[in-house]
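A short write-up of the structure that comes next.
Starting from 1, each residue takes its place in the sequence as its number.
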Amino acid sequence: MADNDSVIAAARGWAGARMALATVVSTWGSAPRPRGSHLLVHEDGRFEGSVSGGCVEADIMAVAAEVIAGAPFALRRYGVADAAAWEVGLPCGGEIEVMVQPVSAEGFDPALFDAIAAARGEGRALEVATDLTTGRSRAEPLPGAFINRYEPPRRLLIVGAVQIAQVLAGLARELGIATVVIDPRGRFLTSERFPGVTLDDRWPDEAIAALRPDGATAVVTLSHDPKIDDPALIAALNGGAGYVAALGSRKSHAARRERLAADLTTDQIDRIEGPAGIDIGAVGPAEIALSIAAGMVRALHDPR
């Protein structure tokens, strides 16, 4: 799954300028960026995004400058670098194919950026098809085309404004995952403890129902209080959240399963990752938060 949020925002901010869009259309081996990743180049040389993490960007920007100046769209393939070609190779050992097209009606229609942003704002995915023989992209089916799917933005709803939540919210921010911390206890839920994070003091079941979790949303309960955590888990599972996890020992999770049996099916309860996160032998709030973040990322990359 490619993260193109900054590219979409930049394209909308640069509307009216001449631009070129580079896109990873194929990968082989240990490619540094996934298929669908973008690099956007402005006519004045500014750029946003990445197609290789820095390995071939200089060459791609040179091609983009030619496309902006009127050259036709281009396809470039990059492989393992040797000593003479370090600047335009991939030392990681992978291979990528990159398309560079004008941001125009003849290439990547500028209106597509607004359509992608609108779909993501509504929690919908949008597919854009590109004819690799003409370099034209449209939000409509094209036979034999390269399809780039723009998923809804990833979100994290943390229930319980505890110390682990403080670290987890910071990790989510670095991962580009929009985060809401939910807790009806005002003393816990303060902007001083959670700077730059959206705070919601409603009861969790009410808050989660209003936030409408989807397959790109993770819900993690951390309060250790069944009166807070249990309603949140019920709302998350009934709402279709992509990842649901609950903090606690195996013993406490067994008791949780018994409590939830009155409101959820066994299949729903089985979706709860409890204890929350990947087992890394975590000790302390920071490591526990790291294990939960890893479990969340794994689940959102591999929805069931």
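- If you take CG on Asp200 and CG on Leu211, they are separated by 6.0 Å, rounding to the nearest 0.5 Å.
- Asp205 CG to Ile234 CD1: the interatomic distance, rounded to the nearest 0.5 Å, is 8.0 Å.
- Annotation: side chain of Leu237 is in contact with side chain of Ile272 (closest heavy-atom distance under 4.5 Å).
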Assess the residue pair Asn148 and Thr130 against the criterion (side-chain contact (heavy atoms from CB on, under 4.5 Å)); give the C-alpha distance rounded to whole Å, side-chain angles, the decisive distance to 0.1 Å, and a yes or no. CA-CA 8 Å; Asn148 203 1; Thr130 301; over 6 Å; no
Step by step, would you call Arg256 with His253 a side-chain hydrogen bond (donor to acceptor under 3.5 Å, both in side chains)? CA-CA 5 Å; Arg256 180 186 297 121; His253 187 58; 2.7 Å; yes
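- Closest approach of Glu57 to Leu39, counting heavy atoms only: CG-CD2, 4.0 Å.
- Checked by atom type and distance alone, the side chain of Asp114 never pairs as donor or acceptor with a backbone atom of Ile116 at under 3.5 Å.
- Atom-to-atom distance recorded for Ser26:OG and Arg77:CZ is 7.5 Å, nearest 0.5 angstrom.
- Between Glu48 and Arg46 there is no salt bridge, since no side-chain nitrogen of the basic residue lies less than 4.0 Å from a carboxylate oxygen of the acidic one.
- Within the structure, the ring pair (Phe, Tyr, Trp, His ring centres under 6.0 Å) test picks out no pair touching residues 176-195 (sequence neighbours left out).
- For Arg136 and Asp131, the salt-bridge test fails: no basic side-chain N is under 4.0 Å from an acidic carboxylate O.
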Evaluate Thr179 against Arg173 for side-chain contact (heavy atoms from CB on, under 4.5 Å), listing each step before the verdict. CA-CA 7 Å; Thr179 302; Arg173 180 173 58 249; 6.0 Å; no
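- Between Asp230 and Arg259, some side-chain heavy-atom pair lies under the 4.5 Å cut-off.
- Two residues are said to be in side-chain contact when any heavy atoms from C-beta on lie closer than 4.5 Å; Phe146 and Val128 fail this criterion.
- Tyr150 is linked by a ring pair (Phe, Tyr, Trp, His ring centres under 6.0 Å) to His38, counting only residues two or more places apart in sequence or in another chain.
- Judged by distance alone, the side chain of Gln101 and the main-chain N or O of Leu21 form no donor-acceptor pair under 3.5 Å.
- With rounding to the nearest 0.5 angstrom, the CD atom of Glu140 is 13.0 Å from the CD atom of Glu127.
- By the criterion of side-chain heavy atoms lying less than 4.5 angstrom apart, applied directly or through intervening Ile, Leu, Val, Met, Phe, Trp or Tyr residues, Val63 is not grouped with Leu75; the two fall into different hydrophobic clusters.
- Scanning both residues, Arg187 and Arg193, for their nearest heavy atoms gives O-CD, 4.4 Å.
- The side-chain heavy atoms of Trp14 and Leu40, taken from C-beta on, include a pair separated by under 4.5 Å.
- Taken to the nearest 0.5 Å, the CD1 atom of Ile228 stands 12.0 Å off from the CG atom of Leu233.
- Panel note: side chain Glu206, backbone Arg202; no donor-acceptor pair is recorded below 3.5 Å.
- In this structure, Arg257 pairs ionically with Asp270, as a charged nitrogen and a carboxylate oxygen lie closer than 4.0 Å.
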Apply side-chain contact (heavy atoms from CB on, under 4.5 Å) to the pair Asp183 and Val159, showing each step before the final yes or no. CA-CA 6 Å; Asp183 199 317; Val159 177; over 6 Å; no
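- Listed here is the closest heavy atom pair of Leu156 and Leu168: CD2-CG, 3.9 Å.
- Formation of a donor-acceptor pair under 3.5 Å by the Ser52 side chain with backbone atoms of Ser50 is not found in this model.
- At least one side-chain heavy atom of Ile208 sits less than 4.5 Å from a side-chain heavy atom of Val219.
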Do Asn238 and Gln268 pass the side-chain hydrogen bond (donor to acceptor under 3.5 Å, both in side chains) test, and can you show the C-alpha distance, the side-chain angles, and the key distance before you say yes or no? CA-CA 8 Å; Asn238 284 332; Gln268 286 178 306; 3.0 Å; yes
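- Under 3.5 Å, the side chains of Glu95 and Thr27 contain no donor-acceptor pair of N or O atoms.
- Under a hydrophobic clustering in which Ile, Leu, Val, Met, Phe, Trp and Tyr are joined whenever their side-chain heavy atoms come within less than 4.5 Å, directly or via other members, Val67 and Val7 fall into different clusters.
- In the hydrophobic cluster analysis, where Ile, Leu, Val, Met, Phe, Trp and Tyr join through side-chain heavy atoms closer than 4.5 angstrom, Val297 is grouped together with Val220.
- Here the side chains of Asp201 and Ile182 are not in contact, with every heavy-atom distance at 4.5 Å or above.
- Closest approach of Pro204 and Pro184 over heavy atoms only: CD-CD, 4.3 Å.
- Linking ILVMFWY residues whenever their side-chain heavy atoms come closer than 4.5 Å, directly or via other members, places Met296 and Val197 in the same cluster.
- Salt bridge Arg124/Asp214: absent, no basic N to carboxylate O contact under 4.0 Å.
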Stepwise, does the side-chain hydrogen bond (donor to acceptor under 3.5 Å, both in side chains) test hold for Thr217 with Arg155? CA-CA 5 Å; Thr217 306; Arg155 295 185 296 162; 3.1 Å; yes
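- In the hydrophobic clustering of ILVMFWY residues, with side-chain heavy atoms under 4.5 Å counting as a link, Ile288 and Leu175 come out together.
- The two residues Arg185 and Gly160 come nearest to each other via the heavy atoms NH2-CA, 4.2 Å.
- No more than 12 heavy atoms of other residues, nucleotides or ligands shown are found within 6.0 angstrom of CD on Gln163.
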In sequence, state the C-alpha distance, the side-chain angles, and the governing distance for Leu112 and Ser137, and then conclude on side-chain contact (heavy atoms from CB on, under 4.5 Å). CA-CA 9 Å; Leu112 289 173; Ser137 298; 4.0 Å; yes
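- No side-chain heavy atom of Arg35 sits under 4.5 Å from any side-chain heavy atom of Val25.
- Between Pro102 and Phe73 there is a side-chain heavy-atom pair separated by less than 4.5 Å.
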Stepwise side-chain hydrogen bond (donor to acceptor under 3.5 Å, both in side chains) test for Tyr243 and Glu273: CA-CA 8 Å; Tyr243 174 69; Glu273 188 166 83; 2.4 Å; yes
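- Residue Trp28 comes nearest to Ile96 through the heavy atom pair CZ3-C, 3.9 Å, listed as atom of the first residue, atom of the second, then distance.
- A distance of 4.5 Å separates CE of Met99 from OG1 of Thr23, quoted to the nearest 0.5 Å.
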